[in-house]
Amino acid sequence: MNPGSAASAGPARTPDTLGTPEPALTDLHGRVTDWFTRSARDLPWRDARCSPWGVLVSEVMLQQTPVVRVLPVWHEWLDRWPSPADLAAEPAGSAVRHWGRLGYPRRALRLHAAATAILERHDGKVPSTYDDLLALPGVGTYTAAAVAAFAFGRRETVVDTNIRRVHARLFGGSALPAPALTAAETKRAVALLPREDALSVRWNAAVMELGAVVCTARAPQCDACPVLDACAWVAAGRPDPEYVPKGQAWAGTDRQVRGAIVAVLRHADAPVPRSLLLNAPVDLGMGASDDGVAVVLPGPLAALHGLRAPTEQLERALEGLLSDGLAEELDHGIRLPG
DNA sequence: TATCCGTGGCG
DNA sequence: TCGCCAAGGAT
């Protein structure tokens, strides 16, 4: 049961992948959490008064999006929708519109669906267990563990990209973790987790923070690291990464076109005619019409047509948005989902 | 499991 | 300048 008490001979050891004696592990816990106490960023979702809903919203917004860009949108959302019921009472398109430019707007859609599910299945209260959280739309293994831990104080094994990188360097001696999460990594994270609930929560938050501000991907600030002397990667002379991360293509992709279309819809106050999305108007003036059909801000529409995307791609991107529920088509045009 | 899904700042 | 990267999830 206790991962660290399985060894037979010699000092108590955590499992093979780690090989760190118990006292050394306790020392690491203390040094990293002490560092966290001293230098943690003051983020609103870390405030003790922040609701579980606020934590859930933050975790979804932070999926693949930096803290600095999340902050203003998070405040706007929590102001506007202080509870899951408040969001669920609105059309899904409202969530997408107020998502701003955080990217991956399907997350807004899923957050709205999660709010609805919370209302229907959990009496409007964010569930506190890993399994119940995992069942919510847009909540995967990371987010379920993070919310259970940070909003409810549960002992969960939280594994995000920051924690993976810290573990890879500190214990694995590698510059970067494997391309995809491995079973061995999860096992190691489980073995490292402090036994006591409150300490495990701080450990999760602290290692994540360490990866976010010190043990960063590109230019790690090793001089500020509380466990520099224990780092296997530094001890090995900071070897280069063992593989080349494949970059994310962008220019000319469907994603780029989808993003441009959603931007148009977000700024439109009425359904936008399909023809206006697919074909560049002869005169790019205001793109507006007279009898209440559509008024489109010129910026996003000009940006869309500025991509010079083939009509076929525009159509494919639009169909994708429609089938994903990020847009809906009415008789007179296309809009965010009502 | 590999791929798709946005956006913008930084080294 | 431009590729890399950011508290992932769903399929």
Side-chain angles (χ1 to χ4, degrees), chain A residues 36 40-41 43-46 54-74 96 99-111 113-114 133-151 156-166 175-183 189 201 204-213 215-221 241 243-266 300 303-304 307 316-317 320-321 323-327:
Chain A
F36 183 66
R41 291 169 294 177
L43 302 173
W45 44 84
R46 285 179 177 163
V55 173
L56 174 59
V57 170
S58 80
E59 291 298 344
V60 174
M61 287 184 172
L62 287 165
Q63 291 168 4
Q64 302 286 279
T65 305
V67 167
V68 284
R69 274 180 22 224
V70 164
L71 278 169
V73 183
W74 182 87
V96 176
W99 194 248
R101 301 187 65 79
L102 290 183
Y104 293 147
R106 51 172 53 172
R107 289 181 293 164
L109 220 48
R110 293 180 179 143
L111 215 29
L133 287 161
L134 189 61
L136 297 174
V139 176
T141 55
Y142 160 73
T143 303
V147 173
F150 303 141
E156 301 285 350
T157 305
V158 178
V159 181
D160 78 323
T161 186
N162 290 308
I163 291 177
R164 293 186 63 212
R165 187 174 52 253
V166 171
L176 295 175
L181 180 65
T182 66
V201 172
N204 280 326
V207 177
M208 204 177 315
E209 183 79 350
L210 187 64
V213 305
C215 195
T216 55
R218 266 175 292 185
Q221 312 291 306
Y243 71 101
V244 242
K246 49 176 298 195
Q248 314 167 354
W250 175 245
T253 63
D254 286 4
R255 276 197 294 170
Q256 185 184 33
V257 176
R258 285 170 58 114
I261 293 175
V262 171
V264 171
L265 300 183
R266 192 166 43 227
L304 172 62
L307 295 177
R316 184 172 64 243
L321 291 172
S323 72
D324 285 353
L326 274 166

Exercise for the section: Name the nucleic acid region contacted by Trp99(A), choosing base, sugar-phosphate or nothing; use a 4.0 angstrom heavy-atom cut-off, strictly under. Expected result: nothing
Handout entry: Set of residues satisfying side chain to side chain donor-acceptor pair (under 3.5 Å) with respect to Glu156(A), sequence neighbours excluded
Key = none
Problem - P spacing across the pair dG6(B) / dT11(C), given as an integer number of angstrom - result: 14 Å
Handout entry: Within residues 142-151 of chain A: residues closer than 4.0 Å to DNA chain B (heavy atoms)
Key = none
Problem - Sugar-phosphate, base or nothing in reach of Thr141(A), heavy atoms under 4.0 Å - result: sugar-phosphate
Exercise for the section: Give the rounded distance in Å between these two atoms: CG of Leu181(A) and P of dT3(B). Expected result: 18 Å
Fill in the blank from the handout: Arg46(A) meets the salt bridge (charged side-chain N to carboxylate O under 4.0 Å, His left out) criterion, sequence neighbours left out, with Glu209(A)
Practice task
With heavy atoms under 4.0 Å as the rule, sort Thr161(A) into base, sugar-phosphate or nothing.
Solution key: sugar-phosphate
Exercise for the section: Could you check Leu136(A) against Gly211(A) and say which one's nearest nucleotide on DNA chain C is further toward the 5' end? Expected result: Gly211(A)
Fill in the blank from the handout: For Gln64(A), the side-chain contact (heavy atoms from CB on, under 4.5 Å) test, sequence neighbours excluded, returns Tyr104(A)
Practice task
Sequence neighbours left out, what passes side chain to side chain donor-acceptor pair (under 3.5 Å) with Thr65(A)? Give chain and number order.
Solution key: Arg107(A)
Handout entry: Start and end of chain A contact along DNA chain C [non-hydrogen atoms, under 4.0 Å]
Key = dG3(C) to dA10(C)
Practice task
Please list, chain by chain and in numerical order, all residues satisfying side-chain contact (heavy atoms from CB on, under 4.5 Å) with Val73(A), sequence neighbours excluded.
Solution key: Met61(A), Trp77(A), Leu102(A)
Practice task
Heavy atoms under 4.0 Å is the rule here; annotate nucleotides 5-11 of chain B 5' to 3' with B where the base is hit, S where only the sugar-phosphate is, and - elsewhere.
Solution key: BBBBBB-
Handout entry: Counterpart residues, salt bridge (charged side-chain N to carboxylate O under 4.0 Å, His left out), relative to Arg258(A) (two or more places apart)
Key = Asp324(A)
Exercise for the section: Using the P atom as the reference point in each nucleotide, state the distance between dA7(C) and dC5(B) in Å, no decimals. Expected result: 22 Å
Practice task
Tell me, please, which residues at least two apart from Asn204(A) pass side chain to side chain donor-acceptor pair (under 3.5 Å).
Solution key: none
Exercise for the section: Locate the shortest heavy-atom distance separating Leu56(A) from Val139(A); write the atom from each residue and the value. Expected result: CD1-CG2, 4.0 Å
Problem - Approximate separation, where rounding is to 0.5 Å, of Ile261(A) CD1 and Arg266(A) CZ - result: 12.5 Å
Completion exercise
Residues passing the side-chain contact (heavy atoms from CB on, under 4.5 Å) test with Thr182(A), sequence neighbours excluded, are Ala178(A), Ala184(A), Glu185(A)
Handout entry: Set of residues satisfying side-chain contact (heavy atoms from CB on, under 4.5 Å) with respect to Arg110(A), sequence neighbours excluded
Key = Arg106(A), Pro137(A)
Exercise for the section: Give Arg165(A) one of three labels, base, sugar-phosphate or nothing, depending on what nucleic acid heavy atoms sit under 4.0 Å from its own. Expected result: sugar-phosphate
